[in-house]
Amino acid sequence: MTNRAFSPILLLILLLTACASEVPAENHDTEVILRKEAIPIITNVETNYPEKEGWIVIPTDSTELNVTVEATNAETLLFWAVPTGTKTWGERELIGYDANEDDGWKITWDIAGKSLHHHVIVQALGSDGKTITDKTINITNE
């Protein structure tokens, strides 16, 4: 009879001890903080041409488009040219990538002879290998 009464009390003490422990909560909070710190952030995207009313305006006879990016928590940056229009992501072209932050995030795209009315989408792949952030700029010929 004593063993039966003792088992529920022991079980209750074990449950209360497990619920009162702060270690799992600390680990969970730390994991959440680490995930937030690993999310790539694109703070700025610039080109070597001026912007006018939301579009980077490129003279027709231009041969290169330089794109520089300020980003943190990124491992690799991908640069895509996507024609404007509806459902054109399938027509995208990878115009460059940068996997070395040491000299700054940047690419030079050969645009000689191209007719441009595109979105350039910069994708920052997170250093955690799981997260992606993107930023879009619009480009067009004069």
Side-chain angles (χ1 to χ4, degrees), residues 3-142:
N3 286 342
R4 283 189 175 170
F6 184 68
S7 292
I9 293 172
L10 181 60
L11 183 60
L12 179 63
I13 291 172
L14 287 173
L15 285 173
L16 289 175
T17 304
C19 292
S21 174
E22 293 184 22
V23 174
E26 286 176 13
N27 289 341
H28 177 71
D29 292 344
T30 303
E31 184 178 332
V32 169
I33 290 168
L34 289 175
R35 276 195 218 146
K36 286 181 183 176
E37 289 177 356
I39 295 172
I41 300 168
I42 298 173
T43 54
N44 192 32
V45 178
E46 291 184 3
T47 71
N48 53 325
Y49 296 100
E51 181 179 333
K52 182 179 179 183
E53 298 177 5
W55 288 84
I56 304 298
V57 180
I58 302 170
T60 307
D61 60 347
S62 299
T63 59
E64 292 182 342
L65 173 67
N66 298 321
V67 182
T68 58
V69 178
E70 292 176 19
T72 56
N73 301 326
E75 184 174 296
T76 302
L77 266 62
L78 303 175
F79 297 82
W80 301 94
V82 182
T84 57
T86 307
K87 297 182 182 179
T88 57
W89 181 249
E91 299 173 40
R92 71 191 179 279
E93 172 189 358
L94 182 64
I95 57 174
Y97 69 94
D98 191 347
N100 184 2
E101 181 184 10
D102 294 342
D103 61 349
W105 299 112
K106 60 186 175 186
I107 62 148
T108 298
W109 181 25
D110 179 10
I111 57 171
K114 294 188 188 274
S115 176
L116 299 173
H117 195 66
H118 289 70
H119 305 292
V120 172
I121 299 175
V122 180
Q123 286 184 325
L125 308 179
S127 54
D128 64 353
K130 299 175 185 177
T131 53
I132 298 175
T133 300
D134 61 71
K135 189 92 162 180
T136 302
I137 60 171
N138 303 313
I139 61 170
T140 190
N141 288 117
E142 242 178 351

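To the nearest 0.5 Å, atom CD1 of residue I137 and atom OG1 of residue T47 are 5.5 Å apart. Atoms CD and CG, on E53 and N138 in that order, are 12.0 Å from each other to the nearest 0.5 Å. Here CD1 of I56 is found 11.0 Å from OG1 of T140. Values are rounded to the nearest 0.5 Å. Here the straight-line distance linking atom CD1 of I139 with atom CD1 of I58 works out to 4.5 Å at 0.5 Å rounding. In this structure, I121 CD1 and D134 CG are separated by 6.5 Å, a value rounded to the nearest 0.5 Å. Separation of atoms CD1 (I95) and NZ (K114) is listed at 9.0 Å; rounding is to 0.5 Å.
Applying the ring pair (Phe, Tyr, Trp, His ring centres under 6.0 Å) test to residues at least two apart or on different chains, the pairs with a partner in residues 116-142 are W55-H117.
Between the N73 side chain and the G126 main chain, no donor and acceptor come within less than 3.5 Å of each other.
Remark: L78 engages T76, W80, L94, Y97, Q123, L125 in a side-chain contact (heavy atoms from CB on, under 4.5 Å) (not counting sequence neighbours). Every side-chain contact (heavy atoms from CB on, under 4.5 Å) that S115 has, sequence neighbours left out, goes to N141. The side-chain contact (heavy atoms from CB on, under 4.5 Å) search around E75 returns none, not counting sequence neighbours. Under the side-chain contact (heavy atoms from CB on, under 4.5 Å) criterion, E101 pairs with W105, not counting sequence neighbours.
The two residues L77 and A74 have their closest heavy-atom pair at CD1-CB, 3.7 Å. The shortest heavy-atom contact between D98 and K106 is OD2-N, 3.0 Å. Nearest heavy-atom pair across T84 and T88 is O-CG2, 3.8 Å.
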Which donor-acceptor pairs under 3.5 Å do side chains of residues 59-67 form with protein atoms, sequence neighbours excluded?
residue: T60; atom: OG1; partner: E142; partner atom: O; Å: 3.2
residue: S62; atom: OG; partner: Y49; partner atom: OH; Å: 3.2
residue: S62; atom: OG; partner: P59; partner atom: O; Å: 2.9
residue: N66; atom: OD1; partner: T108; partner atom: OG1; Å: 2.8

